[in-house]
A.B. asks: 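My questions all concern the structure below.
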Amino acid sequence: MPGSVRKLARLGFRRLGVVLAVLWGAATIAFIAVKLIPGDPVSVLTGGENVVDEAERAVLIQQYGLDQPLIVQYAHYLGNALIGNFGQSYQYRQPVAEVIFEAAVPTLQLAGCAIVLALCLAVSSALATAGRRKGLRVALSGLELVLLSTPVYWIGIVLLTLFSFQLQWFPVTGGEGAAALVLPSVALSLPLAALLGQVLRDGLEEALSQPFALTVRARGVGETALRIRHGLRHAALAASTLTGTLLAGVLSGSILTETVFGRSGIGQITLQAIKTRDMPLVLGLVMLSALVFVIVNLLVDALYVVIDPRLRRTAP
Amino acid sequence: MSGEELLQGTAPHSVRGGHRHPWRAPGLLLPLAFVVLLGFAVCAPHWFTALEPDAVDTGTILLPPGPSHWFGTDQLGRDLFSRVVYGTSQSLSIGIGATLVACIGGILLGTAAALAPAAISRPLVRVIDILLAFPELLLALLVIAVLGRGPMNTLLAVGLSSIAGYARLVRSQVLQVKLSGYVEHAVTLGEHPWSVITRHIVPNTTRPLLILATIGVGGSVLSASSLSFLGLGVVPPAAEWGALLADGRNFLDIAPWVSLLPATVVAVSVIAITLLGRRLQTLLARGDVP
C-alpha cells in the first residue's frame with residue numbers, strides 16, 4: 001500500500017527532525033554555556049599557569065581556533081560535531097572522541113550491570129507482591145520509598161563501609177576485575193530498582209484487574225503463568241514511559257557512584273572536565289548525553305511495537 | 001449530578017473517614033514532626049547542642065560517637081552533631097531557595113509556553129523538551145562550571161537545573177485551566193489578558209505546583225548535597241551537610257561516622273520531606289483538604 005508507506009516515511013522524517021532538533025539544541029546550549037565560562041582557555045591548555053610566552057600563546061590560540069569570531073567558532077563546531085569530531089581535549093591533549101571512548105568502557109560495564117540488576121530486582125518484587133502478600137507488599141513499597149529519597153552516595157558509603165572496610169569482602173577502590181564491580185553496581189541499581197518496582201507493581205495490578213485476566217484464569221492458566229505471560233507485558237508498557245527518568249538516574253548516579261568508589265569512567269572525566277574547564281570535552285560529553293537520550297528513546301519506541309502486538313496490526 | 005454519581009462520589013469517602021481522621025495518620029505525623037524538628041534546628045540551633053560547630057580541639061580528633069559527642073568528632077576535633085545542627089539552616093535554605101527559583105522559572109516558562117503565540121510557544125516547548133533530556137545533575141554541573149562554587153551558586157545551579165520539570169507541569173495545568181468557564185467568563189467581560197493570566201490562570205495552577213514543590217525541596221537538598229559531595233558545591237569550611245560528608249570521605253576506613261552520620265541526616269530529612277509531600281498529594285487527591 002503506497003499510502004501507508006508514504007505515511008510511514010513522513011513519520012520517519014518527522015522523527016528524524018525531532019532527533020536533529022534535540023541534538024542541535026543540546027549542542028547550542030552547551031556551546032553558550034561553555035563560552036560563558038569565565039577564565040582564559042589558554043591557561044587551561046598550559047596547565048593553569050600562564051607560563052608560556054606571547055608567541056607560544058598565539059600559536060595555541062590559532063591552533064584551537066580561539067582567535068576567530070564566535071559565530072565562525074560556532075559554525076565550525078557544529079560542522080565538526082556532525083561528523084563526530086569534537087576537537088582536542090585541552091587537558092588530555094587527545095581527540096575528545098578518544099577520551100570519551102576510553103572512559104565509556106568502565107561506565108558501560110557499571111551501568112549495564114546496574115540496569116540488569118535493577119530489572120531483576122524490580123520484576124521479581126513486582127511479580128511476587130502485586131495484589132497479594134500484603135505484609136511483604138507494604139514492607140517492599142516502604143523500602144522503595146526510602147530508597148527513592150536516599151542519596152546514591154549514602155548507599156555507596158554504607159556498602160563501602162560495611163563490605164569493604166569492615167568485612168573486607170570486596171576491594172576498596174579501583175576499576176579492575178568483577179569483584180570491584182559488585183558494590184558500585186548494587187549502589188547504582190537500588191534507586192533504579194525502587195522506581196521501576198513501584199511502576200511495575202502498579203502496572204501489574206492494573207493489568208490483573210482487567211477482564212482479560214479473568215478470562216485467562218477461567219481457562220485454567222496458573223497464577224504465575226498469567227502474571228509472567230500476560231500481566232508483565234502490560235506492566236512493561238507502563239514502565240517504558242519512565243525511560244527518561246531512569247536514564248537520567250543512571251547517568252547522574254554513575255557520576256556519584258564513580259566518585260564514591262574511586263572508579264574511572266564517564267562520570268570522572270565529566271567532573272574533571274568541568275573542574276578544569278576543558279571546553280571541548282564538556283561539549284563532547286553534553287552531546288554524548290543528548291545522543292544517548294535520543295537513541296534510547298528511539299529504541300523504546302521500537303520496543304513498544306515488540307511489547308504491544310496491537311500496535312503491529314494498526315499501522316501508525 | 002445524578003443520584004448514582006453522588007453515591008459514587010461520597011460513599012468511599014465516608015468509609016475511609018470512619019476509622020481514623022486522615023490528618024492523624026502516622027504517615028503524615030511522623031514526617032511532619034521531623035520537619036518541625038528541622039525547623040527548630042534552623043531557628044534555634046543552640047537548643048540542641050551547647051558545643052560550637054567551629055571549635056577546633058586537637059585533643060578530640062576523630063572520636064567515635066559517644067555520650068559527650070553524639071555523632072563523634074571530625075578530623076579537626078570539631079563536634080559533628082553541632083556541625084550537622086548548625087548546617088541545617090544552610091542546607092535547608094539552599095533547598096528551599098532552589099525550589100523557589102525552579103518554581104518561579106517554571107511558572108514563567110510554562111505559562112509562556114502555554115499562552116504565547118505559536119511563534120514563541122513552539123520553540124519554548126522544544127527548549128523544555130531539550131532541557132528535560134539532560135540529567136539534572138549534569139545541568140547543575142554546567143551551571144556551576146559557568147558561575148563557580150559557593151552557596152548562592154549551588155542554589156542557582158540546583159534551581160535552574162530543575163526548571164524544566166516545573167515548566168512542564170505548569171504548562172499542562174495552564175492549558176487545562178485556560179479552557180475553564182471562569183477564564184472564558186473573564187475574557188468575555190473584557191478583562192485585560194495580563195489580569196486574566198495573573199488573577200485567574202496562574203493562581204489556579206498553584207495547588208499541584210505546591211505538591212511538586214514540597215517534594216522538590218527534598219530533591220533540591222539532595223542535589224545540593226550531591227554537588228558538595230562531588231566537590232563542586234559549598235566550599236568545605238562551611239557546615240553544609242554535603243560538605244560535611246565530603247570531608248569525611250578520606251577517613252572512611254578509620255572513622256566511617258564522619259561521612260555516614262551527616263549522610264544519614266540528609267537521607268532521613270529528604271525521606272521526611274518527600275513523605276510529607278506525597279501524603280499531602282493523596283489527601284488533596286481524595287478531597288480531604290478544603
Side-chain angles (χ1 to χ4, degrees), chain A residues 18 21-26 28-30 32-39 145-158 160-162 164-166 172 244-245 247-253 255-256 259-260 262 267 270-271 273-275 277 279 282 285-286 289-290 292-294 297, chain B residues 27 123 126-127 129-149 161 165 215 218-219 221-223 225-227 229-232 241-242 245-246 248-249 252-257 259-260 262-275 277-278:
Chain A
V18 172
V22 168
L23 290 179
W24 171 73
T28 308
I29 290 174
I32 295 170
V34 160
K35 287 298 160 193
L36 282 175
I37 293 178
L145 199 60
V146 168
L147 283 176
L148 270 182
S149 350
T150 311
V152 177
Y153 56 75
W154 184 81
I155 302 174
I157 291 173
V158 170
L160 202 58
T161 316
L162 205 62
S164 291
F165 288 121
Q166 305 295 324
V172 173
T245 321
L247 197 67
V250 173
L251 280 173
S252 44
I255 296 183
L256 291 164
T259 307
V260 174
T270 308
L271 276 185
I274 284 171
K275 277 182 185 163
R277 293 177 183 151
M279 299 165 199
V282 171
L285 287 164
V286 168
S289 156
V292 169
F293 178 83
V294 164
N297 268 312
Chain B
R126 278 271 161 263
V127 167
D129 280 347
I130 291 169
L131 285 178
L132 281 172
F134 285 101
E136 282 180 13
L137 187 64
L138 192 66
L139 283 179
L141 285 175
L142 270 181
V143 178
I144 289 285
V146 173
L147 297 177
R149 300 169 59 178
S161 66
I215 301 176
V221 171
L222 206 62
S223 307
S225 74
S226 301
L227 282 179
F229 175 75
L230 292 172
L232 288 167
W241 289 344
L245 67 106
R249 217 153 49 82
L252 220 49
D253 47 346
I254 46 170
W257 59 87
S259 260
L260 262 181
T264 310
V265 173
V266 177
V268 174
S269 312
V270 175
I271 291 169
I273 296 170
T274 312
L275 276 177
R278 292 212 175 186

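Letters A, B, ... mirror the listed sequences (proteins, then strands); counts begin at 1.
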A.B. asks: At a heavy-atom separation under 4.5 Å, does B/Leu131 approach chain A through its side chain, its backbone, both, or neither?
C.D. replies: side chain

A.B. asks: Which answer fits A/Thr161, side chain, backbone, both or neither, if we ask what part of it has an atom under 4.5 Å from a heavy atom of chain B?
C.D. replies: side chain

A.B. asks: For B/Thr274, is it the side chain, the backbone, both, or neither that has a heavy atom closer than 4.5 Å to a heavy atom of chain A?
C.D. replies: side chain

A.B. asks: Under 4.5 Å heavy-atom distance to chain A, tell me which part of B/Ser223 shows up: side chain, backbone, both or neither.
C.D. replies: neither

A.B. asks: With side chain to side chain contact (heavy atoms under 4.5 Å, CB included) as the criterion, how do A/Leu147 and A/Ile155 come out once you've worked through the C-alpha distance, each side chain's angles and the decisive distance to 0.1 Å?
C.D. replies: CA-CA 9 Å; A/Leu147 283 176; A/Ile155 302 174; 4.0 Å; yes

A.B. asks: Which bit of A/Val286 is near chain B, if near means a heavy-atom gap under 4.5 Å: side chain, backbone, both or neither?
C.D. replies: both

A.B. asks: CG of B/Leu227 to OG of B/Ser161: how many Å apart, nearest 0.5 Å?
C.D. replies: 7.5 Å

A.B. asks: What residue, out of A/Ile255, A/Leu256, A/Val250, has the most heavy-atom pairs lying under 4.5 Å from chain B?
C.D. replies: A/Leu256

A.B. asks: Applying ring-ring contact (aromatic ring centres under 6.0 Å, His included), can you list everything that pairs with B/Phe229, at least two apart in sequence or on another chain?
C.D. replies: A/Tyr153

A.B. asks: Between B/Ile215, B/Leu141, B/Leu230, B/Leu222, which shows the greatest number of heavy-atom pairs under 4.5 Å with chain A?
C.D. replies: B/Leu230

A.B. asks: Got a sec, which pairs hit side-chain hydrogen bond (donor to acceptor under 3.5 Å, both in side chains) with one end in residues 263-272 of chain B, sequence neighbours left out?
C.D. replies: A/Trp154-B/Thr264

A.B. asks: Taking all heavy atoms of A/Val260 and all of A/Gly156, pick out the closest pair and write down the distance.
C.D. replies: CG1-C, 3.9 Å

A.B. asks: Can you tell me which portion of B/Ile271 sits under 4.5 Å from chain A's heavy atoms? Options are side chain, backbone, both or neither.
C.D. replies: both

A.B. asks: So which heavy atom on B/Leu137 is nearest to which on A/Ser252, and how close?
C.D. replies: CB-CB, 3.4 Å

A.B. asks: Shorter than 4.5 Å, heavy atoms on both sides: which option in A/Leu251, A/Leu271, A/Thr150, A/Val292 has the most such pairs with chain B?
C.D. replies: A/Leu271

A.B. asks: Identify the heavy atoms of A/Ile274 and B/Ala145 that sit nearest to each other, and give their distance.
C.D. replies: CG2-CB, 3.5 Å

